[in-house]
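The block underneath contains the structure these notes are about, expressed in structure tokens.
Within every chain, numbering begins at 1; the chains are lettered A, B, ... in the order of the sequence lines, protein sequences first and strands thereafter. Everything numeric here is computed off the predicted structure, so don't read it as measured data.
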There are 2 protein chains.
Amino acid sequence: MENSEKDMNAEEQPRAIPAPTLRRLPGYLQLLKSRGYAPGSTVSCTVIAQALGLQSIQVRKDLAYTGITGRPKTGYVALELIKAIEDFLGWNNTHDALLFGVGQLGRALLSYNGFRAQGLDIVAGVDCDNAVQRLDVHGKKVIPLSKASSLIRRLHIKIAVITVPASSAQAVCDMAVAAGVKAVWNFAPVQLNVPEGIIVQNENLAASLAVLSKKLNLSLKAS
Amino acid sequence: MENSEKDMNAEEQPRAIPAPTLRRLPGYLQLLKSRGYAPGSTVSCTVIAQALGLQSIQVRKDLAYTGITGRPKTGYVALELIKAIEDFLGWNNTHDALLFGVGQLGRALLSYNGFRAQGLDIVAGVDCDNAVQRLDVHGKKVIPLSKASSLIRRLHIKIAVITVPASSAQAVCDMAVAAGVKAVWNFAPVQLNVPEGIIVQNENLAASLAVLSKKLNLSLKAS
DNA sequence: TAGATTGTTAATCGATTAACAATC
DNA sequence: TAGATTGTTAATCGATTAACAATC
């Protein structure tokens, strides 16, 4: 009785997937794809783990989340595994995205073609600079900020990529969310405040750099 | 007796710092700096935690790693705290770095000025393309691959930033390590193999995207 | 003094790793 | 069959959160 909510949609709401698992899955995918497996050929957790410097049990646990089942002794059918990971991550049905802030980083992301294989299609850039608006970046239009809302609505865009300076990130985010965006991939070094239910994924170079420089300094001091 | 090694340099080798803590410290720093505290004015964990959406106890624990001590009731002296974090991360003594691969992303990183405040000074770019070599990116020279080794040796460069395509990342990494680099900030989507003691920090957009797209798909399905 | 906040020790939580039966 | 590998249950490890004494 007390957990009737949970019971009701037990199948819809499986145990939550650990973020570390989600973060490792693309690595498996990339490895598998790069190996060009023939249809029917198999691959074991041991092999994957060794190639990526992980524990095989960890790979096995991670793969289990995608719902794939392997066979004792032989492992997983490689092409099935690739499909299972892609389906699980939702990378087989692409979402359109709009990128805000066509500076150096914005241009780099606009012209990177790899995202489409990862479920993300950045359809256009947005910038308030007139000069920038005249650019086409890798065939992608750059539109003025004033036209962003209506484009989001018209194309039912669900993802905003934010590469504006820190000072304007919150305003841009608010605008995008108001227009209907459900997820924000944030490259600006600020904490964005969003309404309940809106997803924010921060890309935090400073955090990585902190880990790198601390380790390096410890290592240099030790020697 | 059995742990004599540990005892000998007990002060040199404090408990290891959790990576999650290291990754949060830059966020505190950025917040504190943005607030322009007057000398002597204080700030409490509660305030920091609230601004960043964290638990105050977590902030307190994180700050303790930097060695700073606060005062009950008042908190930490803000400017002391800023200095403590910067010193702890080593962001007060900058390391020179060399960036390999002056494509869109490489150019974006080369022209970003913020890294210097984070202990990283990218002194030049390296690219094998003749046309690219003629570019100066934001006043930074782009040198041919053949000159990279000697530059690393001459300037005692310890950090390589790798933004080359996946297919050449390992070769570039090997070369940089052979020339004396101790840490690699890797933006290429490959697992780099390095000798014992060399630090690799992977910047993994695909991993972030996996978290984002899974959350978004779950959220869209739910509604 | 009273109340807020630190610093520290203990409890909880979640992820990783280990163990092992099942099985192809 | 024998051996390798999966899938699952249990143990360990580490990070987060809670509790609380110390103190300004």
Side-chain angles (χ1 to χ4, degrees), chain A residues 6 13-25 27-28 31-32 37 40-82 84-85 88 204 207 210-211 214-215, chain B residues 13-25 27-28 31-32 37 40-82 84-85 88 207 210-211 214-215:
Chain A
K6 241 189 242 168
Q13 203 161 340
R15 69 218 162 198
I17 300 100
T21 292
L22 285 176
R23 297 185 61 87
R24 282 189 295 267
L25 286 173
Y28 305 151
L31 177 75
L32 292 167
Y37 286 97
S41 66
T42 60
V43 58
S44 76
C45 288
T46 323
V47 168
I48 297 174
Q50 208 145 31
L52 299 177
L54 302 172
Q55 301 291 327
S56 72
I57 172 67
Q58 183 168 62
V59 176
R60 203 148 75 245
K61 273 267 167 82
D62 286 344
L63 297 184
Y65 279 102
T66 69
I68 199 173
T69 58
R71 287 205 295 186
K73 168 106 171 145
T74 51
Y76 306 85
V77 176
L79 297 187
E80 274 179 19
L81 185 49
I82 289 173
I85 297 174
F88 180 73
N204 198 339
V211 178
K214 187 66 192 174
K215 282 190 190 167
Chain B
Q13 202 161 341
R15 68 217 160 197
I17 300 98
T21 292
L22 285 175
R23 297 185 62 87
R24 281 187 297 266
L25 286 173
Y28 305 151
L31 176 74
L32 293 168
Y37 286 97
S41 65
T42 59
V43 58
S44 75
C45 289
T46 323
V47 167
I48 298 173
Q50 209 145 31
L52 299 177
L54 302 172
Q55 301 291 328
S56 73
I57 171 67
Q58 183 168 61
V59 176
R60 202 146 78 247
K61 274 267 168 83
D62 286 344
L63 297 184
Y65 279 103
T66 69
I68 200 172
T69 57
R71 287 204 295 185
K73 171 105 172 139
T74 50
Y76 307 85
V77 176
L79 297 187
E80 274 180 19
L81 185 49
I82 289 173
I85 297 174
F88 180 74
V211 178
K214 188 66 193 174
K215 282 190 191 166

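- Distance OH (Tyr65(A)) to C1' (dG7(D)): 13 Å, rounded to an integer number of Å.
- Here the straight-line distance linking atom OG1 of Thr66(A) with atom CD1 of Ile82(A) works out to 12.0 Å at 0.5 Å rounding.
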- Message: Show, in sequence, the C-alpha distance, side-chain angles and deciding distance for Leu79(A) and Leu32(A), and conclude whether the side-chain contact (heavy atoms from CB on, under 4.5 Å) test is met.
- Response: CA-CA 8 Å; Leu79(A) 297 187; Leu32(A) 292 167; over 6 Å; no

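- Rounded to an integer number of Å, the gap from CZ of Arg60(B) to P of dA19(D) is 13 Å.
- Between Leu22(A) atom CG and dG14(C) atom P the separation is 16 Å, expressed in whole Å.
- If you measure from atom CZ of Arg24(A) to atom P of dT17(C), you get 8 Å, rounded to the nearest angstrom.
- Considering only heavy atoms from C-beta on, Leu25(A) stays 4.5 Å or farther from Ile17(A) through its side chain.
- Rounded to whole Å, atom C1' of dT16(D) lies 18 Å from atom CD1 of Ile17(B).
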- Test side-chain contact (heavy atoms from CB on, under 4.5 Å) on Leu22(B) and Phe88(B) and set out the steps. CA-CA 10 Å; Leu22(B) 285 175; Phe88(B) 180 74; 3.9 Å; yes

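- OP1 or OP2 of dT16(C) has at least one side-chain nitrogen or oxygen of Gln58(A) nearer than 4.0 Å.
- Of the residues Leu54(B), Ile57(B), Asp62(B), Val59(B), the one that meets the side-chain contact (heavy atoms from CB on, under 4.5 Å) test with Cys45(B) is Val59(B).
- Within the 4.5 Å cutoff, no side-chain heavy atoms of Tyr37(A) are placed close to those of Val77(A).
- In this structure, Arg23(A) and Val211(B) approach most closely via the heavy-atom pair CG-CG2, 3.7 Å.
- Taking all atoms of both residues into account, the shortest heavy-atom contact from Tyr28(B) to Ile85(B) is CB-CD1, 4.0 Å.
- The side chain of Arg71(B) lies closest to dC24(D) when the candidates are dA15(D), dT6(C), dC24(D).
- dT12(C) atom C1' lies 12 Å from atom NZ of Lys61(B), rounded to whole Å.
- In this structure, Ile57(A) atom CD1 and dA21(C) atom P are separated by 15 Å, rounded to whole Å.
- Annotated stems with DNA chain D as a participant read C:3-24 with D:3-24, given as range with range, by first number; only runs of 3 or more Watson-Crick or G-U pairs under 3.5 Å qualify.
- Contacts between residues 73-81 of chain A and DNA chain D, defined by a heavy-atom separation under 4.0 Å, are made by Lys73(A), Gly75(A), Tyr76(A).
- Following rounding to the nearest Å, Asp62(B) (CG) and dG7(C) (C1') show an atom-to-atom distance of 14 Å.
- Contact of the Glu80(B) side chain with the Ile68(B) side chain is registered, since non-hydrogen atoms from C-beta on lie closer than 4.5 Å.
- Counting non-hydrogen atoms under 4.0 angstrom, Thr21(B) reaches nothing in the nucleic acid.
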